[in-house]
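Letters A, B, ... are given to chains in the order of the sequence lines, protein chains preceding strands, and every chain is numbered from 1. For the numbers below, each heavy atom of this structure counts, side chains included, while hydrogens, waters and symmetry mates do not.
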Amino acid sequence: MIDITLPDGSVRQYEQGVTSFEVAQSISEGLARNVLAAKVNDTVWDLSRPINENARVQLLTWNDDLGKNAFWHSSAHLLAEALEELYPGVKFGIGPPVENGFYYDVDLGERTFSQEDFAKVEQKMLELARNKNEFKRREVSKAEAIEYFTQKGDEYKLDLIKDLADGTISFYEQGKFVDLCRGPHIPNTSHIKAAKIMNVAGAYWRGDEKNKQLTRIYGVTFPKQKELTEHLQRLEEAKKRDHRKLGKELELFAFSEKVGMGLPLWLPKGTLLRERLEQFMRKAQMRAGYQPVVTPHIGSKELYVTSGHYEKYGADSFQPIKTPNEGEEFFLKPMNCPHHCEIYKTRPRSYKELPVRLAEFGTVYRYEQSGELHGLTRVRGFTQDDAHIFCRPDQVKEEFIKVIDLVLYVFQALGFEDYTAQISLRDPENKKKYIGGDEAWEKAETAIIEAAEEKGLRTVTELGEAAFYGPKLDFMVKDALGRKWQLGTIQVDYQLPERFQLEYIGADNQRHRPVMIHRAPFGSLERFVAVLIEHCGGNFPLWLSPDQFAILPISEKYQDFAQEVYERLQQHDIRGFVDNRDEKIGRKIRDAEVQKVPYMLIVGEKEQENGAVSVRKHGEGDLGAMSVEEYISFFQGKVAEVLNK
RNA sequence: GCCGACGUAGCUCAGGGGUAGAGUGCUUCCUUGGUAAGGAAGAGGUCGUGGGUUCAAUUCCCAUCGUUGGCUCCA
């Protein structure tokens with residue numbers, strides 16, 4: 001007999017060789033029906049795999065992420081089986097589960113695969129699923145695996161097998177389809193009750209652009225039809241929040257072919273929003289001891305040769321601007337740090353004045369690949385809420401923590417709760433990609449890790465994601481469609497001070513090298529606004545909203561009074577407009593609601609008599625009448641509630 | 001940059017080898033209306049751009065620009 005420990009700590013005894021499925025059966029019939037896979041000690045196993053010694057077992061269902069993973073992984077195999085039936089001779093790359101479903105990379109040869117084919121594949125998948133085929137695991141030798149796929153003529157699988165050690169290779173078979181796979185899988189295909197092909201895209205074999213491009217087919221499946229319907233509804237909802245759509249509808253920003261791709265034009269309303277964000281950040285930074293600076297949009301080639309950016313990005317960035325007579329070369333600035341280094345160097349610095357914190361809303365230009373551009377989240381010209389902190393080595397950690405505090409303050413004020421902090425370290429396999437010595441890198445990486453730990457951040461660590469001059473702590477949030485974006489970033493840098501020969505005079509009257517911290521809590525204003533739009537679905541916090549009120553006169557008889565109210569609100573820096581169109585009040589309300597104006601102030605005969613406004617809140621409805629004075633303090637109270645938290 | 005899809009009125013989109021259509025917005029007129037669309041008339045498009053096929057192209061083909069879903073990249 002062996003002991004099986006369940007997640008609640010209870011221990012049950014079973015015959016040696018018991019399967020997780022039998023464990024589930026012994027607990028309850030319902031569980032046996034719903035269980036998909038099991039976590040045995042620390043690895044996820046098929047339910048049918050015998051357990052031969054004492055173990056911790058966690059039974060996984062659709063409600064566990066790992067259960068979903070197994071479900072979608074098995075669905076990828078089902079997709080492959082369907083494709084093989086429909087398109088004989090198709091070759092397969094890899095087919096893993098992803099966050100919202102799964103994909104399979106396939107080589108369809110000369111065949112094309114498009115929207116029209118989706119339904120056919122979905123039907124075939126469901127037809128095969130109904131066969132209740134078991135996912136059968138079989139361990140095979142390397143020679144056997146190679147023989148199978150050689151015979152099948154699937155060079156991609158052979159490429160994968162090449163890197164696997166003999167004795168660790170397994171096949172999974174369901175119905176007529178056999179795949180090289182580590183597993184684990186759900187017991188049989190009948191759990192899959194709903195299937196949808198989401199889209200197709202090109203993907204390079206093994207992610208290398210030198211390799212052949214395969215067709216990546218994305219799909220999603222569910223154990224119930226209802227869940228698929230709900231999933232599709234959620235996607236529809238997300239589309240409504242897309243910042244590109246809302247940006248157009250709310251007249252925040254636009255693009256023009258004539259201006260150039262990836263170069264956003266900020267419309268008046270978007271500019272207001274953006275300027276409010278800037279103002280907010282300026283204030284926060286002023287309090288935190290930053291000093292604003294301003295630097296030009298271009299810098300000489302020499303500047304970037306010194307910084308190392310020329311060597312690293314020179315050929316892959318916008319090409320230099322040349323002077324007609326002197327033959328000098330200038331680059332559009334792709335970042336602000338070199339300029340700020342030169343500001344630091346304008347005079348000798350004493351250890352007593354460090355840290356020096358130089359802040360600038362610096363607009364930078366980067367040549368992003370055309371296929372990368374995406375709304376406001378990835379553009380070629382954008383403004384960073386940039387700052388560089390020059391400090392002594394003994395101040396690094398403290399400064400780093402202060403920056404984390406600032407970032408958290410910003411996120412809190414704007415209602416961002418769902419973010420992760422990504423610690424981006426050097427790729428230990430490929431140190432050539434980076435500049436600087438091991439010692440500096442290790443010091444910087446340690447400082448970041450410790451600071452993040454001290455602040456209790458929820459972190460993930462990514463090797464190879466560091467900037468070429470130093471490790472980073474990035475704050476990542478998701479957009480409406482679940483795509484992850486980097487917002488704030490904090491980077492420790494020992495290299496630029498070296499390259500720019502930055503110095504300060506220490507207490508010992510000797511020259512020392514300061515450390516630099518690059519940081520941008522928003523990251524870029526453009527991306528931040530994009531994520532903010534999607535985060536609040538265009539219903540901005542009151543203090544940020546471009547139009548904070550709309551005054552809606554019942555008829556043109558009350559236009560003068562409306563104008564009077566408007567001017568009084570303006571005097572208090574409350575911003576909005578009067579809707580003087582020749583329309584009925586219902587229409588004006590509807591339009592203001594659609595435009596997501598936070599407050600509608602309705603003025604008619606009653607209001608004019610009493611010097612009042614009838615207040616209607618966006619999305620909520622009538623709040624009743626109040627005097628203009630009352631409304632002003634009501635409004636200011638609402639703003640303060642958020643900002644003075 | 002690579003692969004796929006798309007590009008028709010300001011916006012959202014339908015159409016299709018014989019030089020175009022809806023809704024909405026816009027203009028004018030009627031209406032002066034109390035909490036999510038009042039009525040009528042009118043103006044708006046060399047169908048992204050350049051080639052080719054054809055008696056004829058907005059429609060078919062090619063190229064190009066842009067948008068888009070991914071891949072690769074991101075100081």
When you compare [N] with [M], how far apart are their [atom1] atoms, in angstrom units rounded to a whole number?
N     : M     : atom1 : answer
B:G25 : B:G10 : P     : 16 Å
B:A5  : B:G45 : C1'   : 24 Å
B:A20 : B:G4  : P     : 33 Å

From [atom1] of [X] over to [atom2] of [N], roughly how many Å is that when rounded to an integer?
X      : N     : atom1 : atom2 : result
A:N199 : B:G4  : CG    : P     : 15 Å
A:L552 : B:U35 : CG    : P     : 13 Å
A:D579 : B:U35 : CG    : C1'   : 14 Å
A:M261 : B:C65 : CE    : C1'   : 8 Å
A:H374 : B:C73 : NE2   : P     : 19 Å
A:I554 : B:U31 : CD1   : P     : 19 Å
A:D208 : B:C3  : CG    : C1'   : 15 Å
A:Q422 : B:C74 : CD    : P     : 13 Å

To the side chain of [X], which of [options] is closest?
X      : options             : value
A:K557 : B:U32, B:G69, B:U35 : B:U32
A:V594 : B:U12, B:A36, B:G1  : B:A36
A:P334 : B:A75, B:G34, B:U35 : B:A75
A:S614 : B:A75, B:U35, B:G1  : B:U35
A:R587 : B:G34, B:G25, B:U35 : B:G25

May I ask you to decide whether [X] forms a salt bridge with [Y], counting only side-chain N to carboxylate O separations under 4.0 Å?
X      : Y      : answer
A:E249 : A:K245 : yes
A:R378 : A:E368 : yes
A:E399 : A:R357 : yes

Over all strands shown, is A:Y218 touching base, sugar-phosphate only, or nothing at heavy-atom distances under 4.0 angstrom?
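Here A:Y218 touches the backbone only, sparing every base.
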Report which part of the nucleic acid A:D591 touches: base, sugar-phosphate, or nothing (heavy-atom distance under 4.0 Å, all strands).
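No contact at all - A:D591 keeps every heavy atom at 4.0 Å or more from the nucleic acid.
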Please confirm whether the shortest side-chain N or O distance from [X] to OP1 or OP2 of [N] is below 4.0 Å.
X      : N     : value
A:R581 : B:A37 : no
A:K248 : B:U12 : yes
A:H618 : B:A36 : no
A:S555 : B:G33 : no

Can you find an N or O donor on one side and an acceptor on the other, under 3.5 Å apart, linking the side chain of [X] with the base of [N]?
X      : N     : answer
A:R380 : B:C74 : no
A:R216 : B:C3  : no
A:E607 : B:G34 : yes
A:E257 : B:C65 : no
A:Y204 : B:G1  : yes

Strictly by Watson-Crick or wobble contacts shorter than 3.5 Å, is anything paired with B:U58, and which nucleotide is it?
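Across any shown strand, B:U58 pairs with none.
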Return the pairing partner of B:G45 with a 3.5 Å limit on both distances, Watson-Crick or G-U wobble; otherwise return none.
none
Could you check if a side-chain atom of A:D493 sits within less than 4.5 angstrom of a side-chain atom of A:I517, using non-hydrogen atoms only?
no
A:T295 and A:K333 side chains, donor-acceptor separation under 3.5 Å
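Checked: A:K333/A:T295 side chains pair up, N/O donor to acceptor below 3.5 Å.
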Where A:L263 and A:G381 come nearest, the two heavy atoms and their spacing
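Smallest interatomic distance, heavy atoms only, reads CD2-N, 3.9 Å.
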